[in-house]
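First up is the structure itself, then whatever we jot down about it.
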Amino acid sequence: MNVDKIKKDFPIFEKIDIAYLDSGATSQRPQCVIDAIDNFYKTKNANPHRGAYELSIEATDVYENTRKKIAKFINAEKSEQIIFTKNASEALNLIAYSYGLENLGEDDSVIISIMEHHSNLVPWQFVTKKTGSKLEYMYINDEYELSEEEIKAKITDNTKIVGITHVSNVLGTINNVKEIIKYAHKKGAIVVVDASQSIPHMKVDVQDLDADFLVFSGHKMLGPLGIGVLYGKKRLLNDMNPFLMGGDMIEYVYEDKTTFAPLPNKFEAGTQNVEGVVGLGAAIDYIESIGYDTIAKIEEEVVGYAKQELAKLDFVETYYTPNEDNHCGVISFNIKGVHPHDLATILDSQGIAVRAGDHCAQPLIRFLKLPATCRASFYIYNNKEDVDRLVEALKKAYSMFEKFIKK
Amino acid sequence: MENLDEIYNELIMEHSMNSYNKHKLENADKCEHGHNPSCGDEIEIEIKMNNNIIEDIAFTGSGCAISQSSTSIMADVLRGKTVEEAKIIIKTFIDMIKRETTDEKELEKLEEAIAFKNVANMPARVKCALLAWKTLDKMI
């Protein structure tokens with residue numbers, strides 16, 4: 001499969017001449033995803049689970065069939081273990097509130113890595129403060145990775161919850177979540193995996209990982225904005241209180257009490273984002289039609305080329321692990337002496353979209369002692385030409401700043 | 001985007017990279033911290049007053065070229081001005097960046113700070129240019 005052919009599936013690239021290197025923030029959408037949403041509104045739109053008429057039943061079917069598709073996609077045992085949320089952040093908040101608040105006590109600790117996105121960090125700060133439990137961090141080594149020693153030093157018998165990102169959105173480090181989960185389970189802790197940055201690029205198998213909870217967003221994997229997924233082990237989800245209350249998550253409502261619907265409806269209050277679900281289903285079909293092996297091959301080539309070309313620029317600093325097998329998708333970089341926001345402005349003027357800033361990971365940026373970074377993140381529609389454009393623009397930026405940079 | 005070279009020009013670059021206004025002020029009367037949490041720009045502005053006159057301004061901090069140079073050039077422009085004069089210049093600067101005034105005569109008040117005119121065409125950088133001016137506005 002060649003990248004140019006894939007690129008043609010994304011209508012935005014026909015209209016806009018851009019080297020889009022910000023898929024870590026949000027991916028672009030292929031025509032089939034846009035069509036699926038369009039088609040839903042034209043032929044199937046009704047409120048699922050509500051009406052006793054054909055159209056509502058059809059809407060229910062698309063909604064529930066997509067749930068089944070996602071269950072199969074991440075190898076969940078049952079489709080009711082798939083809960084739709086508005087994004088990964090909401091899914092993580094759901095876990096923090098409905099599991100964390102109820103299950104943490106004063107002697108307990110929550111362990112997360114220093115490379116967590118704020119969404120897998122701030123909710124844990126909140127619940128540990130609220131419950132009087134401790135929040136502790138696993139720090140990375142010189143290769144931007146979590147060492148086995150660090151993992152074993154931090155996860156102890158007091159640890160009740162471990163929060164870990166599968167792939168770092170700043171460093172691209174792939175964490176060995178399978179081993180972390182194995183060790184955490186040995187210590188009696190449950191593990192929350194943020195797969196937002198991994199699932200666009202690699203097969204995620206919740207049973208193989210033995211993850212207790214796993215979350216991701218649809219919009220980073222070619223799906224629409226506003227749809228996220230929470231997977232949880234059935235036993236845990238069943239024991240948890242609902243997060244949001246309202247319509248469709250109940251069984252019986254009396255004036256003074258309510259019984260809740262079984263999974264998954266217990267966690268899906270109110271009218272849901274059906275177009276989001278439909279679009280996500282189409283995105284999964286698209287990813288499967290290309291296949292993760294091909295995706296990996298395409299990305300290895302373009303990311304490998306980017307690493308090689310950036311390494312030739314002696315004024316550019318990059319921040320990623322030297323162990324190729326442990327790296328995926330994103331390259332953070334700076335021009336020494338140039339602030340990342342100025343650099344991003346100049347890159348933007350050359351038609352290159354990168355993100356600049358703290359990437360919703362302030363504690364990590366502080367730990368790395370950097371003011372911020374620029375980040376190029378790659379996906380299946382990126383080619384070597386995008387990298388060449390980035391490199392040329394970096395040279396231009398450097399030439400503008402060179403004489404002012406303090407030596 | 002045109003005008004890139006006009007933004008990252010000699011004056012702005014020099015002020016951002018090697019500013020003589022970037023230091024602590026001895027005997028400062030007021031000190032105020034300003035930051036843009038979304039991008040990490042941080043400054044601390046110190047001023048020394050002589051009755052109604054802003055006798056001296058200096059700053060410390062870190063951030064992008066636009067935020068740092070804007071702070072430094074502001075110090076040059078407002079040093080020696082009365083509070084009333086400074087207030088008018090600050091308002092003119094904010095209006096220029098927000099494109100609420102393009103009147104050349106009006107903008108002359110800004111002296112060197114007119115160099116930031118093109119930031120008005122760069123919505124992502126408006127906050128960077130305004131940080132110092134809004135911070136100082138609170139101090140006087």
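Quick note on labels: first sequence line is chain A, next is B, and so on, each numbered from 1. This one's a predicted model, so the numbers in the text were calculated from it and none came from an experiment.
Side-chain atoms of A:Thr173 and A:Ser168 form no donor-acceptor pair, as typed in the model, at a separation below 3.5 Å. Side-chain N/O atoms of B:Tyr20 and B:Asp76 include a donor and acceptor closer than 3.5 Å. A donor-acceptor pair shorter than 3.5 Å cannot be found between the side chains of B:Trp133 and B:Asp137. B:Glu42 and B:His33 are linked by a side-chain donor-acceptor pair at a separation below 3.5 angstrom, with hydrogens and angles left out of the test.
Contact annotation for A:Ile346: both backbone and side-chain heavy atoms come within less than 4.5 Å of a heavy atom of chain B. No part of B:Ala124 comes within reach of chain A, as not one of its non-hydrogen atoms sits under 4.5 angstrom from that chain. Residue contact with chain B, scored on non-hydrogen atoms closer than 4.5 Å, involves the backbone and the side chain of A:Asp342 alike.
For the options B:Gly63, B:Cys128, B:Ser16, heavy-atom pairs under 4.5 Å to chain A are most numerous at B:Gly63.
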